[in-house]
Amino acid sequence: MGQQEQLRVGIIGCGAGIFHLEGYQSEPRAKVVALAGLDTDRCESLAKKFDIPRIYREYQDLLAQDDIDAVSVAVPNILHLPVALAAFEAGKHVLIEKPLARNAEEGVKMVEAAKAHGKLLGISFQRRTRHDVQLLRQQFEAGTFGRVYYSKAWWMRRSGIPGLGTWFTSKEAAGGGPLIDLGVHVLDMILYVLGNPKVVSVSASTYAEIGTQGKGGWVGQKRQKLKENQEYEVEDLATAFIRFEDGGTLLLEASWAAFTEMGDDFGIQIYGSKGGARIFSKDYALTDTLDVYSGFGDTTMDSKPRLVATGGHAEIIRGFVNAILEGKPLSPEGHEGLDRVRLIDAIYRSAELGREILIDQEIVDAAAD
Ligand SMILES: NC(=O)c1ccc[n+]([C@@H]2O[C@H](COP(=O)([O-])OP(=O)(O)OC[C@H]3O[C@@H](n4cnc5c(N)ncnc54)[C@H](O)[C@@H]3O)[C@@H](O)[C@H]2O)c1
């Protein structure tokens, strides 16, 4: 495609697909020309709102359109692999929603298919583009914090199981609970800030204590109930202690439902030999979220850098379009999505075994089982 041409995009999935539609609105070099989704009413109202000329039900029908260059894929996790493979087969670039896939085995197939077809595989780790995360990444790299030896990443909801009784709470359809849904975002934030340190071991536990009682859905949303005799199949809280090759460690917590203060809060924290910092985002705040801990003369100093509100799908889409049209390096991309899913696999494996596991050895052993 010539450099001046406009990219033609299809959106598959009419739930989180709206974030992509909004993102493409601020990208003049791309135009959304089609939508696909089984929930026709929701797709029709999106098509109307965003003035999209074509709607399909099945993703295969959208992918059969020759004039579409790239697709955003926002479907249940179980479909990430088949939709991405079909899209590459049809010659499209793919921007996939997080998590990359339900597990690393699927993720590898997606990364390999992108390579085999010479197409790009982007992933919506949009929180990485937040101003607070970008600042920490730059300052980590500049050595501001000295040696960062300890870190935390968390996303804790009091009552926010998405879609109780839908694909979200099916192990088969989702691959897991809050760890793969929310944990993947904060894992990406912290590992990105720390420059993707090599993980050597993981000790984790998962719990299903609230969802299994049929409780913990979004407060006030009537539709989210388990059906009669339907089981809640995934965890509602996960915690992990992760060791890096350089001796540093990371503590992770992710919950959809837990008896704690009301909120939907996420963040990361780093502890270094010369300074530290914490991002704490309450209810998705984008500004006033960063605290930096340093020294000043013979005393301590806490400061709050002034932030601008960035960090949505628009930034991810700009990077995706830049990569397709201008050949700029794509970040975040498939490999990073795969790294995160590999770590998530290890966390679930450790929780299942009830002990610490060594990544290189035991994950390879598990894959061979
Ligand atoms: N990046 C983020 O912040 C973010 C936020 C929410 C969801 N997500 C991710 O987006 C994905 C979808 O989540 P959701 O909340 O939108 O789920 P959802 O259930 O609300 O929507 C799923 C969509 O997929 C469509 N779909 C299912 N099967 C299809 C098929 N065969 N052909 C065409 N369309 C089909 C459905 O019709 C629906 O429109 C998940 O992977 C989730 O993790 C990401």
Side-chain angles (χ1 to χ4, degrees), residues 10-23 34-47 52 54-65 68 71-87 90 94-103 106-107 110 122-130 155 157 160-170 173-189 217-218 221 223-224 234 254 256 264 266 281 283-284 286 311-317 320 332 336-337 340-341 344:
I11 309 274
I12 303 175
C14 298
I18 189 172
F19 303 133
H20 294 257
L21 283 162
E22 287 167 350
L35 276 181
L38 305 180
D39 41 356
T40 309
D41 288 352
R42 200 158 55 152
C43 295
E44 273 174 0
S45 80
L46 284 185
I52 314 297
R54 288 179 267 161
I55 309 181
Y56 304 95
R57 251 183 81 72
E58 299 287 342
Y59 67 86
Q60 292 91 339
D61 298 330
L62 184 145
L63 293 176
Q65 306 304 308
I68 293 177
V71 287
S72 273
V73 180
V75 293
N77 301 346
I78 189 174
L79 289 174
H80 287 198
L81 172 67
V83 174
L85 293 189
V94 173
L95 177 57
I96 197 95
E97 260 307 336
K98 46 53 62 173
L100 179 68
R102 292 177 303 173
N103 52 53
E106 292 185 340
M110 293 165 71
I123 180 158
S124 298
F125 284 142
Q126 81 275 16
R127 296 180 208 288
R128 181 197 280 211
T129 66
R130 295 168 57 97
W155 192 321
R157 283 185 186 160
I161 299 175
L164 249 181
T166 69
W167 69 267
F168 274 103
T169 57
S170 149
L179 172 63
I180 200 164
D181 183 48
L182 305 177
V184 71
H185 272 303
V186 291
L187 276 176
D188 183 68
M189 284 164 65
W218 285 112
Q221 290 196 2
R223 69 189 169 90
Q224 297 186 318
V234 295
W256 273 342
D264 184 1
F266 63 86
S281 175
D283 298 324
Y284 301 86
L286 289 168
H313 282 71
E315 278 86 17
I316 291 291
I317 283 163
F320 185 57
E336 291 165 289
R340 310 300 178 243
V341 175
I344 286 168

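The first residue in the sequence is number 1, and the count goes up from there. For ligands, and for the atoms within them, numbers begin at 1 and follow the listed sequence. Everything numeric here is computed off the predicted structure, so don't read it as measured data.
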Flag, side chain of D283 to backbone of D264, donor-acceptor distance under 3.5 Å | yes

Atom 34 (N) of ligand 1 has as its nearest protein heavy atom G37 CA, 3.4 Å

Here the atoms of ligand 1 under 4.0 Å from any heavy atom belonging to S124 are 1 (N)

Give the atoms of ligand 1, by number and element, whose distance to some non-hydrogen atom of R127 is under 4.0 Å.
-> 3 (O)

Which ligand 1 atoms are under 4.0 Å away from a heavy-atom of H313?
-> 1 (N)

Give the residue, atom name and distance (to 0.1 Å) of the protein heavy atom nearest atom 4 (C) of ligand 1.
-> E97 OE1, 3.7 Å

Under 4.0 Å to a heavy atom of P76 - the qualifying atoms of ligand 1, by number = 22 (C), 24 (O), 27 (C)

Among all protein heavy atoms, pick the one closest to atom 3 (O) of ligand 1 and tell me residue, atom and distance.
-> Q126 NE2, 2.8 Å

Atom of I68, atom of A34 and distance for their closest heavy-atom approach | CD1-CB, 3.9 Å

Short question: side chain of H80, backbone of P99 - any donor-acceptor pair under 3.5 Å?
-> yes

Does N77 reach the side chain of W167, with side-chain heavy atoms less than 4.5 Å apart?
-> yes

Answer yes or no: is there a side-chain heavy-atom contact under 4.5 Å between I316 and P332?
-> yes

Going from CZ on R130 to OG on S281, what distance comes out if it is rounded to the nearest 0.5 angstrom?
-> 4.0 Å

Where ligand 1 meets F168 - atom numbers and elements under 4.0 angstrom, heavy-atom basis = 15 (O)

With a cut-off of 4.0 Å, which atoms of ligand 1 are near a heavy atom of N77?
-> 40 (C), 41 (O), 43 (O)

Using non-hydrogen atoms of the residue, decide whether R57 is closer than 4.0 angstrom to ligand 1.
-> yes

Could you tell me whether some N/O pair between P99 and ligand 1 is separated by less than 3.5 angstrom?
-> no

Of all the heavy atoms in W167, does at least one lie under 4.0 Å from an atom in ligand 1?
-> yes

Nearest-neighbour protein heavy atom for atom 36 (C) of ligand 1, which is reported as residue plus atom name and distance | D39 OD1, 3.7 Å

for atom 20 (O) of ligand 1, nearest protein heavy atom and its distance come out as R42 NH2, 3.0 Å

Atom indices of ligand 1, in the order listed, that fall short of 4.0 Å to a heavy atom of A74 | 11 (C), 12 (C), 22 (C), 23 (C), 24 (O)

For H185, atoms of ligand 1 separated by under 4.0 Å from a heavy atom = 1 (N), 2 (C), 3 (O)

Interatomic distance, CD@E336 vs CG@D188, rounded to 0.5 Å, equals 7.0 Å

Give yes if a backbone or side-chain nitrogen or oxygen of L79 is under 3.5 Å from a nitrogen or oxygen of ligand 1, and no if not.
-> no

Are V184 and F125 close enough that some pair of their side-chain heavy atoms sits under 4.5 Å apart?
-> yes

Answer yes or no for Y56: is there a heavy-atom contact with ligand 1 below 4.0 Å?
-> no

Going by heavy atoms in the side chains, are D181 and W256 under 4.5 Å from each other?
-> yes

Determine the minimum heavy-atom distance between A84 and M110, stating which atoms define it.
-> CB-CE, 3.8 Å

Verify, without hydrogens or angle tests, whether R57 (side chain) and G37 (backbone) share a donor-acceptor contact under 3.5 angstrom.
-> no

Which heavy atom in A47 sits nearest to a heavy atom in I55, and how many Å separate them?
-> CB-CD1, 3.5 Å

What protein heavy atom sits nearest atom 42 (C) of ligand 1, and how far off is it?
-> K98 O, 3.7 Å

Does any N or O atom in L38 lie less than 3.5 angstrom from one in ligand 1, N or O only?
-> yes

Atom 31 (N) of ligand 1: which protein heavy atom is closest, and how many Å away?
-> E58 OE1, 3.3 Å

Protein heavy atom at shortest distance from atom 16 (O) of ligand 1 = A16 N, 2.6 Å

N/O separation below 3.5 Å, V75 to ligand 1 = yes

Close side-chain approach of I96 and V83, heavy atoms under 4.5 Å = no

Is there a side-chain contact between K98 and R340 (heavy atoms, below 4.5 Å)?
-> no

